[in-house]
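What follows is a single structure, written as structure tokens, with notes after it.
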Amino acid sequence: MAYYDTLSARGSMTPEMSKMLPMVSDRTPARHLNRSLDLGQSKAYYNPASKSVYNRYSVGDWGFSNNTHFNLSEKERAHGERLRADAWRAIKETDARTRNRQNDVTKRLGERVYDIAYMKGELNTEINQMATEIENLKEYRRTLEKALGDTANPLHVAEECLMHREKRRGIDLVNDDVEKSLIKEVEIIKKCQNKMRQCLQKAMAQLKVDRAAQHALEVDSKDKHHAQGLDDRMQQLRNSSGGIGYFPSIENVDNTITIPESWGRYTQENIARSQKERAASERLRGEIDALMRACASEMWNIYNNVNTCFNTRIHETTNARNTLQAHLQRTVQEIFDMERNIQQLRKAIQDKENPMKVAQTRLDERTRRINVEVCHDPVMKSLKNEVGEIRDSITMLKRSLKASELSLARLLKTKAVLEHDIGVKENSLKLDSQNCMGMRKGFPMDPKVGPVFQMVPGSY
């Protein structure tokens with residue numbers, strides 16, 4: 001919905017005016033570019049580490065994508081500047097504005113607010129108990145993960161780096177030197193213990209079930225909080241309150257989906273489900289504790305690094321991101337100017353309503369003259385000319401508004417394209433500099449891993 005659609009929904013614009021205004025519905029970056037965003041042809045590469053085939057773009061495709069976005073930004077800013085200049089000349093010819101009406105609607109809500117508050121209190125109590133149990137189970141899971149992770153070798157770091165770099169997006173999925181180096185680094189099969197893995201899977205599955213039960217409680221509590229606030233606010237609503245307006249045929253809308261009996265039963269079922277899952281979670285924590293005390297193992301492997309390739313790639317990506325951010329800043333400024341221009345146009349259109357009402361009221365009243373006084377005099381001609389001029393002014397302003405709205409939509413899509421590409425670069429930088437390089441700067445294992453696994457000093 002365009003900006004003027006939002007204003008119309010809030011009641012700041014008459015229905016007649018809102019019908020005359022244009023709507024911008026094209027919001028997709030792909031249509032904005034008039035072509036697919038697939039700017040390159042990916043090639044298939046085989047990854048011996050994961051034993052899979054996947055696609056990668058070339059470095060040339062990556063650079064071509066950046067240049068395309070730079071040119072698009074410059075083109076749309078220039079177009080926006082021309083539109084603003086044309087719109088300002090049109091705005092100088094208009095003045096005055098109007099205001100909207102008010103309505104009221106309210107009825108009994110006291111007992112309903114009390115019922116909602118009581119059920120919400122029951123839900124919040126169970127939510128707190130489930131949150132405590134989830135935190136306890138998460139702590140047990142972290143301890144188990146740390147013990148299981150200590151059975152892995154430095155190869156795990158190279159595999160993790162490859163997995164992190166699979167999270168790169170779009171044009172940054174390049175088969176670069178970093179990826180080639182990491183694939184070569186993978187040489188050994190990891191070893192681990194089945195019982196710990198199975199117990200960890202059970203813990204993760206139980207956490208999902210616990211979170212699902214907690215989420216159901218939270219959604220129910222949130223809905224009740226919203227309903228309580230809404231009903232309480234409606235209970236206090238008066239004719240003199242602000243924010244009220246016309247909602248034609250609202251009395252014919254019935255969007256209810258429950259009755260009081262099913263409403264209360266739904267909450268009771270959510271609470272019973274949560275209590276059942278809490279009991280299961282407590283039993284699983286006992287199993288984890290017993291397994292942690294029974295297991296002991298130590299494993300080691302050789303660890304190598306490829307930091308030089310990482311640093312080179314990080315430098316290239318940083319330069320591309322900085323250039324995109326400069327274009328984005330200029331585009332954002334143009335969007336700000338265009339939004340202000342649109343606001344001025346909308347106000348100018350609204351300001352023509354009172355003069356139109358005055359002219360049409362004069363014409364209407366003069367139709368009540370009698371006998372020979374019903375004369376097509378100069379006043380009648382002037383009034384008709386005035387109505388026509390005002391209507392022409394509104395038409396001209398609406399044409400300018402529509403062009404400005406379309407330009408703003410294109411600028412917003414350009415901004416979205418730039419922000420998306422910056423996000424792709426930021427994501428790649430985060431994966432390479434924080435996730436991967438963060439692990440590779442030191443030895444990938446913690447010498448203090450908990451009650452089960454401990455590294456032997458001097459073993460690496």
Side-chain angles (χ1 to χ4, degrees), residues 1-13 17-18 20-37 39 64-94 97 169-172 317-351 394 396-429:
M1 183 180 290
Y3 288 87
Y4 49 78
D5 294 325
T6 302
L7 289 175
S8 178
R10 294 179 179 173
S12 60
M13 189 179 296
M17 293 298 294
S18 64
M20 293 188 288
L21 293 176
M23 177 180 291
V24 178
S25 60
D26 181 9
R27 299 179 181 278
T28 61
R31 293 181 180 178
H32 177 50
L33 290 172
N34 293 324
R35 65 180 67 184
S36 172
L37 286 177
L39 300 177
F64 179 72
S65 175
N66 292 337
N67 292 333
T68 300
H69 297 160
F70 303 157
N71 295 335
L72 175 65
S73 175
E74 293 174 355
K75 176 183 175 182
E76 293 302 333
R77 288 199 308 273
H79 184 62
E81 291 174 357
R82 291 194 300 271
L83 283 174
R84 285 191 296 109
D86 295 339
W88 176 245
R89 286 191 293 271
I91 292 173
K92 292 181 179 179
E93 304 172 5
T94 61
R97 67 171 298 176
R169 302 193 298 262
I171 195 65
D172 273 25
T317 307
T318 300
N319 288 341
R321 180 203 61 185
N322 293 340
T323 304
L324 285 167
Q325 286 177 338
H327 281 271
L328 176 62
Q329 184 177 3
R330 292 192 288 270
T331 301
V332 168
Q333 180 60 44
E334 180 59 32
I335 288 173
F336 174 78
D337 294 339
M338 185 59 70
E339 287 175 342
R340 184 173 55 186
N341 175 64
I342 289 171
Q343 291 175 355
Q344 293 171 334
L345 282 170
R346 286 202 303 268
K347 181 180 181 301
I349 292 172
Q350 291 177 337
D351 288 350
I394 292 175
M396 177 184 62
L397 291 173
K398 284 192 290 187
R399 282 198 301 267
S400 181
L401 177 61
K402 180 177 179 180
S404 299
E405 290 283 0
L406 292 172
S407 176
L408 177 61
R410 289 193 296 268
L411 286 169
L412 289 172
K413 289 167 191 168
T414 300
K415 176 175 173 285
V417 170
L418 294 174
E419 287 176 339
H420 171 76
D421 210 23
I422 290 172
V424 169
K425 301 298 181 292
E426 291 285 2
N427 180 65
S428 299
L429 286 173

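Residues forming a side-chain contact (heavy atoms from CB on, under 4.5 Å) with Asn71 (at least two apart in sequence, or on another chain): Glu74. In this structure Phe70 satisfies the ring pair (Phe, Tyr, Trp, His ring centres under 6.0 Å) test together with His327, sequence neighbours excluded.
Considering Arg84, Lys415, Arg77 as possible partners of Glu334, the one that fulfils the side chain to side chain donor-acceptor pair (under 3.5 Å) test is Arg84.
Atoms NZ and CG, from Lys347 and Leu397 in turn, are 11.5 Å apart once rounded to the nearest 0.5 Å. The CG atom of Leu324 sits 11.0 Å away from atom NE2 of His420, with the distance rounded to the nearest 0.5 Å. Rounded to the nearest 0.5 angstrom, Ser404 OG and Leu83 CG are separated by 5.5 Å. Between atom CG of residue Asn66 and atom OG1 of residue Thr323 there is a gap of 8.0 Å, rounded to the nearest 0.5 Å.
Arg82 and Asp86 are not joined by a salt bridge, as no carboxylate oxygen comes within less than 4.0 angstrom of a charged side-chain nitrogen. With salt bridges taken as basic N to acidic carboxylate O contacts below 4.0 Å, one links Glu405 and Arg346.
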Side chain to side chain contact (heavy atoms under 4.5 Å, CB included) assessment of Gln333 paired with Gln329: CA-CA 6 Å; Gln333 180 60 44; Gln329 184 177 3; over 6 Å; no
With side chain to side chain contact (heavy atoms under 4.5 Å, CB included) as the criterion, how do Leu408 and Glu339 come out once you've worked through the C-alpha distance, each side chain's angles and the decisive distance to 0.1 Å? CA-CA 7 Å; Leu408 177 61; Glu339 287 175 342; 3.9 Å; yes
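In this structure the side chain of Arg399 never reaches within 4.5 angstrom of the side chain of Lys402, judged on heavy atoms. A heavy-atom distance below 4.5 Å is found between the side chains of Thr331 and Ile335.
A donor-acceptor pair under 3.5 Å is formed between the side chain of Asn322 and the backbone N or O of Thr318. A donor-acceptor pair is defined here as one N or O able to donate and one able to accept, closer than 3.5 Å; no such pair exists between the side chain of Ser407 and the backbone of Ala403.
The closest side-chain donor-acceptor pair between Thr414 and Arg410, if any, does not fall under 3.5 angstrom.
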